[in-house]
Colleague: 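If you scroll down you'll find the structure; I have some questions about it.
We name chains A, B, ... by the order of the sequence lines, and we start the count at 1 in each one.
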There are 2 protein chains.
Amino acid sequence: MHITRYTDYSLRVLIYLAVQGDELATIQEIADSYDISKNHLMKVVHQLNKKGYIETVRGKKGGMRLQMAPADINVGILVRETEQDLNIVECFSSKNACRITPVCGLKSMLGEALTAFLQTLDKYTLADVIQDQHRPQLLRLLQIA
Amino acid sequence: MHITRYTDYSLRVLIYLAVQGDELATIQEIADSYDISKNHLMKVVHQLNKKGYIETVRGKKGGMRLQMAPADINVGILVRETEQDLNIVECFSSKNACRITPVCGLKSMLGEALTAFLQTLDKYTLADVIQDQHRPQLLRLLQIA
DNA sequence: TTTGTAGATGTATTATTAGTACATCTTTAA
DNA sequence: TTAAAGATGTACTAATAATACATCTACAAA
């Protein structure tokens with residue numbers, strides 16, 4: 001059981017921006033800080049912009065910054081919006097072919113478990129991820145000047 | 001986010017055997033009932049046997065049956081044992097390369113969420129999956145004589 | 001004791017899809 | 001006008017889940 005790197009990277013971008021503050025950050029800087037693919041990050045950033053989490057500025061001296069306060073960015077909601085496919089087993093998807101689905105108790109159990117997973121994340125915001133006490137270390141680890 | 005078909009099939013085999021009762025069932029019968037790959041099921045059955053969930057009988061007139069009572073087969077434990085990789089994000093695995101892991105609050109949140117997921121499943125057993133009231137329909141849907 | 005049927009086991013192949021790379025376009029500050 | 005930044009779509013690669021296949025072992029019935 002995994003969440004996709006896409007969701008992981010989305011969270012990392014938001015963490016970077018929250019630590020960085022009001023300055024604009026470029027995709028290149030974030031990719032370098034985490035040592036991950038710039039091209040993949042591009043899609044992540046594009047989606048975060050579309051969903052209103054960040055604002056992007058094109059052109060020279062462009063970049064991006066958070067459009068919402070860290071305390072208003074809920075981790076559970078973000079995961080739900082970012083994780084493409086939350087059908088944890090076949091019977092949750094539209095192309096289900098399992099014959100016993102109508103009378104199988106498993107589906108509701110797994111649904112309840114998934115809800116418990118997401119509701120746990122609903123308790124937290126981006127501000128909780130980056131506690132103030134850790135900000136200096138995060139600035140250093142992410143090599144933000 | 002998914003669980004693997006391997007885990008799904010493990011659960012389906014146990015459901016079949018619980019519905020079937022004391023008779024021996026062959027891999028072929030189970031594969032036919034669910035219309036899934038016999039070859040894939042072989043591995044699933046082998047592992048369920050190794051873990052003590054079922055007993056298998058080789059040779060002519062062979063097959064398999066449950067080795068534990070349905071009420072003693074816990075769904076959460078089974079999922080933990082069957083799902084190969086429960087490292088939901090990179091920082092949970094041994095080959096983690098994310099720089100901020102030491103001060104990142106996300107790891108404990110996702111850990112807590114995963115625990116909530118599994119603990120939900122811990123509340124249920126195979127007997128809960130197959131409620132008595134549904135047994136006749138399950139027998140029919142699985143085409144068990 | 002032979003034969004056929006069942007599971008045991010390991011290897012190879014296929015398919016899916018996440019992840020990555022690349023090319024080109026648009027925007028904007030200097 | 002140019003360089004630097006994001007926008008966008010397409011194509012490729014890699015990882016791994018899923019499947020198929022081949023051969024072995026065990027057992028029961030004829």
Colleague: Taking the side chain from Gln137(A) and the backbone from Leu141(A), do they hold a donor-acceptor pair closer than 3.5 Å?
Modeller: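 Not at all, since once roles are kept as given, no pair shorter than 3.5 Å links the two residues.
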Colleague: Output yes when a side-chain donor or acceptor of Asp128(A) lies under 3.5 Å from a complementary backbone atom of Thr125(A), and no otherwise.
Modeller: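 Confirmed, Asp128(A) side chain pairs with Thr125(A) backbone.
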Colleague: Under 3.5 Å, is there a donor-acceptor pair between the Asp85(A) and His2(B) side chains?
Modeller: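 Side chains of Asp85(A) and His2(B): pair found under 3.5 Å.
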Colleague: In whole Å, what is the span from the NE2 atom of His40(A) to the P atom of dA7(D)?
Modeller: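 After rounding, the gap between these two atoms is 16 Å.
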Colleague: In whole Å, what is the span from the NZ atom of Lys50(B) to the P atom of dG7(C)?
Modeller: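 After rounding, the gap between these two atoms is 18 Å.
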Colleague: What's the NZ-P distance between Lys95(A) and dA15(C), to the nearest Å?
Modeller: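 Nearest whole value for this atom pair: 15 Å.
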Colleague: Polar atom pairs between nucleotides 9-12 of chain D and protein, under 3.5 Å, N or O only, would you list them?
Modeller:
none

Colleague: Is Glu83(B) reaching over with its side chain to a backbone N or O of Met1(A), donor-acceptor style, under 3.5 angstrom?
Modeller: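 Answer holds: yes.
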Colleague: Between dT5(C) and Thr26(B), is there an OP1 or OP2 to side-chain N/O distance shorter than 4.0 Å?
Modeller: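 Checking dT5(C) against Thr26(B), no side-chain N or O comes under 4.0 Å of OP1 or OP2.
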Colleague: Specify the separation, in whole Å, of atom CD of Gln28(A) and atom C1' of dA3(D).
Modeller: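 Going from Gln28(A) (CD) to dA3(D) (C1'), I get 15 Å.
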Colleague: Go through Arg65(B) and Glu55(B) one step at a time and tell me if the salt bridge (Lys or Arg N to Asp or Glu O under 4.0 Å) criterion holds.
Modeller: CA-CA 6 Å; Arg65(B) 65 166 71 87; Glu55(B) 59 177 327; 3.4 Å; yes
Colleague: Grab the two heavy atoms, one from Thr101(B) and one from Cys91(B), that are nearest each other, plus how far apart they are.
Modeller: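 Reported closest heavy-atom pair: OG1-CB, 3.8 Å.
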Colleague: Rounded to the nearest Å, what distance is computed from the CG atom of residue Leu24(A) to the P atom of nucleotide dT27(C)?
Modeller: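 Distance, rounded to whole Å: 18 Å.
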Colleague: I need the CD1-P distance between Ile36(B) and dA20(D), as an integer number of Å.
Modeller: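 Computing the Ile36(B):CD1 to dA20(D):P distance gives 11 Å.
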Colleague: By nearest nucleotide on DNA chain D, pick out whichever of Ile3(B) and Gly62(A) is the more 5' one.
Modeller: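 Its nearest nucleotide being more 5', the pick is Gly62(A).
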Colleague: Has Tyr9(A) got a side-chain N or O lying under 4.0 Å from the OP1 or OP2 atom of dT20(C)?
Modeller: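 Looking at the OP1 and OP2 atoms of dT20(C), one of them is under 4.0 Å from a side-chain N or O of Tyr9(A).
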Colleague: Send over the distance from Glu83(B) CD to dT16(D) P, rounded to a whole Å.
Modeller: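 After rounding, the gap between these two atoms is 14 Å.
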Colleague: If you look at every heavy atom in Leu110(A) and Ile88(A), which pair is closest and at what distance?
Modeller: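 Minimum heavy-atom contact is O-CD1, 3.5 Å.
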Colleague: Check the side chains of Glu112(B) and Tyr124(A) for a donor-acceptor pair under 3.5 angstrom, ignoring hydrogens and angles.
Modeller: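 Present: a donor and an acceptor within the cut-off.
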Colleague: Strictly below 4.0 Å, N to O, side chains only: are Glu90(B) and Lys107(B) in salt-bridge contact?
Modeller: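 Looking at Glu90(B) and Lys107(B), the cut-off is not met.
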Colleague: Is there a side-chain contact between Asn49(B) and the phosphate of dA8(C), meaning an N or O under 4.0 Å from OP1 or OP2?
Modeller: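 Yes.
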Colleague: Among dG6(D), dG19(C), dA18(D), which nucleotide has an atom closest to any side-chain atom of Ile27(A)?
Modeller: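 Of the candidates, dG6(D) comes closest.
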Colleague: CE of Met64(B) versus P of dT5(C): gap in Å, rounded?
Modeller: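 From Met64(B) CE to dT5(C) P: 17 Å.
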Colleague: Under 4.0 Å from any atom of DNA chain D, heavy atoms only: list the residues of residues 53-61 of chain B that qualify, in numerical order.
Modeller: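 Nucleic-acid contacts, sorted: Arg58(B), Gly59(B), Lys60(B).
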